[in-house]
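In the text below, chain A, chain B and the rest are named by the order of the sequence lines, each starting its count at 1. Computed from heavy atoms alone, side chains included, the values below leave out hydrogens, waters and symmetry copies.
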2 protein chains.
Amino acid sequence: MSITSDILRGHTEAIILSHLLEQDSYGYQINKDIMKKTDNRYELKEATLYSAFKRLEQAGYIRTYWGDETVGARRRYYAVTENGRKAYQSYKSEWEEAKTIIDQLLK
Amino acid sequence: MSITSDILRGHTEAIILSHLLEQDSYGYQINKDIMKKTDNRYELKEATLYSAFKRLEQAGYIRTYWGDETVGARRRYYAVTENGRKAYQSYKSEWEEAKTIIDQLLK
DNA sequence: CAATATACCTCGCCTGTCAAGGTATATTTT
DNA sequence: AAAATATACCTTGACAGGCGAGGTATATTG
C-alpha cells in the first residue's frame, strides 16, 4: 500500500461504478479486484466500500440483489442503474478536469 | 467553481508549496493567484489556506516573516524551507502515482 | 462617507475514510 | 476433531481536511 487515502478521497464512488460497469459484483470481490488491478498499491477498505455502497444506492446509482449461492456465504450483488451510468460519465469528466488543474498547479 | 473539494482534498499543501517555490508570497495573494492560474475553475478558500499554512509550518515545510509594508495592511509572507522542498518532491511523485492508479481504475 | 478592496484570522459543522469490532459459513491445516 | 484461515456480510465511532460564516484593521474609490 502506498497511496494515501486523502489523495484517493472522493474517487471511491467513481471507482466502484467503473468496476461495476464491467460486470455486476459484490463487496468482497470488488475489494479483491481493486487490489489486484493496482498490484496491491491501493486497497479500497471494506468500511469505505460499504459506506460508498450506501451513498450510491441512496443516490439511485446502483441497485442490489442477493446471489443464489447454494454453498458458501451469501453474496449481495450490485448493479449500475441508468442514472449511475450517467453519474459515472460525470465523475469521469470531473476527474479529467481535476487532473488538468492539479497538473497545472503542481509544476 | 467546478472542482469539488473532495477531489482536491489532500492536494492543498502540495499546491501551496508549488506556488511558494516560484516565489515567497502571502495568503491573500496566493488565493488570488490560484484562481487566476486556473481561470477561476478552482479557488483555494481562505479558511482552507490558513489551516494548511498551520500544518505546513508545524511540519517545518514553510517559515513565515512579516513584510515591511509602510502602506496598506501588513502581510505575512511564507517561504519554503529545505524540508519543504523535499516534501514537495514527495507530494509530486505521490500525485504521479495516484494519477496512474486512478486512470487505471476509471477506464 | 459608504462601499469595496486589501489583508489577516478563528470557530464549528460536515463529510469521507477506516480501524476495530461483530456475525456466519466453508475450507484447509495441524 | 479442533484450530486456523478464507469467504462473505455489516456497523460504530474517531479522525482529519475543507470551508461557510464570522470577525478585525487599513486603504482606496465612487
**Student:** For a quick check under 3.5 Å, do E94(B) and Y91(B) share a side-chain donor-acceptor pair by atom type?
**Tutor:**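 E94(B) vs Y91(B): no donor-acceptor pair found between side chains.
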
**Student:** Would you kindly give the CZ-to-P distance between R75(A) and dT7(D), to the nearest whole Å?
**Tutor:**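 R75(A) atom CZ is separated from dT7(D) atom P by 10 Å.
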
**Student:** Please confirm whether the shortest side-chain N or O distance from K54(A) to OP1 or OP2 of dT11(D) is below 4.0 Å.
**Tutor:**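 Yes.
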
**Student:** Is the charged tip of K54(A) near the ring of Y50(A): under 6.0 Å from the six-membered ring centre and within 45° of its axis?
**Tutor:**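 No, cation not above the ring by the 6.0 Å, 45° rule.
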
**Student:** Rounded to whole angstrom units, what separation is found between the OH atom of Y50(B) and the P atom of dA21(D)?
**Tutor:**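 Nearest whole value for this atom pair: 19 Å.
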
**Student:** Could you check which residues of residues 21-30 of chain B get a heavy atom under 4.0 Å from DNA chain C? Sort them by number, please.
**Tutor:**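 Going residue by residue through residues 21-30 of chain B, the ones with a heavy atom under 4.0 Å of DNA chain C turn out to be Y26(B), G27(B), Y28(B).
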
**Student:** Write down the distance between CH2 (W66(A)) and P (dA24(C)), rounded to a whole number of angstrom.
**Tutor:**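 After rounding, the reported distance stands at 14 Å.
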
**Student:** Can you check whether H19(A) reaches K37(A) side chain to side chain, under 4.5 Å on heavy atoms?
**Tutor:**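 When only atoms from C-beta onward are counted, K37(A) and H19(A) do touch, with a gap below 4.5 Å.
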
**Student:** Just how far, in rounded Å, is P of dT7(D) from CZ of R76(A)?
**Tutor:**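 Between P of dT7(D) and CZ of R76(A): 21 Å.
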
**Student:** Just the rounded figure in Å: distance from P of dG17(D) to CD1 of I15(B).
**Tutor:**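 Computing the I15(B):CD1 to dG17(D):P distance gives 15 Å.
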
**Student:** State plainly whether the residues E43(A) and K32(A) are in salt-bridge range, i.e. N to O under 4.0 Å.
**Tutor:**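 The answer is no: the pair does not qualify as a salt bridge.
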
**Student:** I need a per-nucleotide contact map over nucleotides 14-20 of chain C, read 5' to 3'. Cutoff is protein heavy atoms under 4.0 Å; write B for the base, S for backbone only, - otherwise.
**Tutor:** -BBBBB-

**Student:** Nearest-Å distance, CE (M35(A)) to C1' (dA6(D))?
**Tutor:**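 In whole Å, dA6(D) C1' lies 12 Å from M35(A) CE.
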
**Student:** Rounding to a whole Å, what distance do you find between E57(B):CD and dC8(C):P?
**Tutor:**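 Atom CD in E57(B) sits about 13 Å away from atom P in dC8(C).
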
**Student:** For R63(B) and T81(B), test the side chains for any donor-to-acceptor distance below 3.5 angstrom and give the result as yes or no.
**Tutor:**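 Judged by distance alone, the side chains do not pair up.
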
**Student:** With a cut-off of less than 4.0 Å, is there a side-chain N or O of R74(B) near OP1 or OP2 of dT6(C)?
**Tutor:**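 R74(B) to dT6(C) OP1/OP2: no side-chain N or O under 4.0 Å.
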
**Student:** Would you mind reading off the distance between N31(A) atom CG and dA6(D) atom P, rounded to a whole angstrom?
**Tutor:**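 Result: 14 Å.
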
